Amino acid sequence: MIMDEFTPLDCLLPTALLRACADGAANHLYDITAGQQDSFLPDYISGDFDSITAEVKAFYTEKKCRLIETADQELTDFTKCLAIMVEEIKRRQLQVDTIVTLGGLAGRFDQTMASVETLYHALNMTELPLMVLQGCSLAYLLRPDMRHRLGVNTGLEGEWCSLIPIGGPCKTHTTGLKWNLEKSRSELGCHRGCLHISGVFSRETIH
């Protein structure tokens, strides 16, 4: 799935089982793949189409990409695009292990927070992991009351892993970080300074 201002996609998009753009992201896909657009065609483009240009819309229409208008203003184009993708995965019975979104973590702060909100919606929409990837950042909302294992041995990771309590207080226990949390309570706005954000890797796996 592609959002505005996305990460270069040579290594991900060609192998994706289902490819989609959320409205204006189609403009960025068209521009960044200039000269080779036919190799990076999305299966569908969805949104209220207030951002996609007439030229780009005409191009993808000619290439037989589905254009799905979603006029509902109560949800973001990202959330609506995700809802369609989840239904398409079910309908086609695709064997998908992860939904990866390219873009959505840069530019306007309100749009970045909208991406975080979509991560919350995703918890009720699908059991598939949803990751948002852009530049040097990968955002993933950990489901509560579960044990999580994060592999950090691909060679592409930086040195940091940030655990940010979004939406409410969290009690966290970690292994694999240089400074681990031991059933520590983390909360935004806590008057006792109990916000635990960044940690350095000490192992190839973090729990």
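Keep in mind that this is a model prediction, so the values were computed, not measured.
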_Taking every non-hydrogen atom, the tightest pair across Glu182 and His173_ = CA-ND1, 3.5 Å

*Cluster check Met125, Leu75: I/L/V/M/F/W/Y, side chain < 4.5 angstrom*: no

*Find the distance between CZ (Phe78) and CD (Glu117) and round it off to the nearest 0.5 Å.*
11.0 Å

*For the pair Ser46 (side chain) and Ala22 (backbone), establish whether a donor and an acceptor sit closer than 3.5 Å, ignoring hydrogens and angles.*
no

_Testing the basics here: between Ile52 and Ala26, what is the closest heavy-atom pair and its distance to 0.1 Å?_
CD1-CB, 3.8 Å

*Would you name the heavy atoms of His148 and Arg143 that are closest together and state the gap between them?*
NE2-O, 2.8 Å

*If only atom types and distance count, is the side chain of Asp23 paired as donor or acceptor with the main-chain N or O of Phe49 below 3.5 Å?*
yes

*Report the distance from atom CG of Leu82 to atom OG1 of Thr126, rounding to the nearest 0.5 Å.*
7.5 Å

_Gap between atom CG of Asp97 and atom CG of Leu128 - 0.5 Å precision_ = 8.0 Å

*Determine the sole option in Leu119, Val116, Thr118 for which the side-chain contact (heavy atoms from CB on, under 4.5 Å) test with Leu141 is passed.*
Leu119

*In terms of hydrophobic clustering (I, L, V, M, F, W, Y; side-chain heavy atoms under 4.5 Å; direct or indirect links), are Leu142 and Met113 co-clustered?*
no

_Straight-line distance of Leu41 CG to Lys63 NZ, nearest 0.5 Å_ = 7.0 Å

*Is a side-chain N or O of Gln93 found less than 3.5 angstrom from the main chain of Arg91, in a donor-acceptor match?*
no

*Going from CZ on Arg149 to OG1 on Thr175, what distance comes out if it is rounded to the nearest 0.5 angstrom?*
10.0 Å

*Which residues pass the side chain to side chain contact (heavy atoms under 4.5 Å, CB included) test with Glu87, sequence neighbours left out?*
Lys90

_Over all atoms of both residues, closest heavy-atom pair of Pro165 and Gly168_ = CB-O, 3.8 Å

_Distance-minimising heavy-atom pair for Leu105 and Gln134_ = N-OE1, 2.9 Å

*Are a donor atom and an acceptor atom from the side chains of Tyr30 and Glu55 found within less than 3.5 Å of each other?*
yes

*Name the one of Thr101, Ile99, Leu130, Asp43 that satisfies side-chain contact (heavy atoms from CB on, under 4.5 Å) with Met85?*
Ile99

*Shortest non-hydrogen separation from Asp48 to Glu69 and the atoms involved*: O-OE2, 4.2 Å

*asked:* What verdict does the side chain to side chain contact (heavy atoms under 4.5 Å, CB included) test give for Cys81 and Tyr44, after you've listed the backbone C-alpha separation in whole Å, the side-chain angles of each residue and the deciding distance to 0.1 Å?
replied: CA-CA 9 Å; Cys81 188; Tyr44 69 87; 3.8 Å; yes

*Okay, side chain of Asn27, backbone of Ser51: is any donor-acceptor separation there less than 3.5 Å?*
yes

*Find the distance between CD1 (Ile32) and CZ (Phe40) and round it off to the nearest 0.5 Å.*
9.0 Å

*How about Ile45 and Leu29: do any of their side-chain heavy atoms sit closer than 4.5 Å?*
no

_Looking at Lys80, is its backbone amide N or carbonyl O close enough to the side chain of His121 to form a donor-acceptor pair, meaning the two atoms are under 3.5 Å apart?_
no

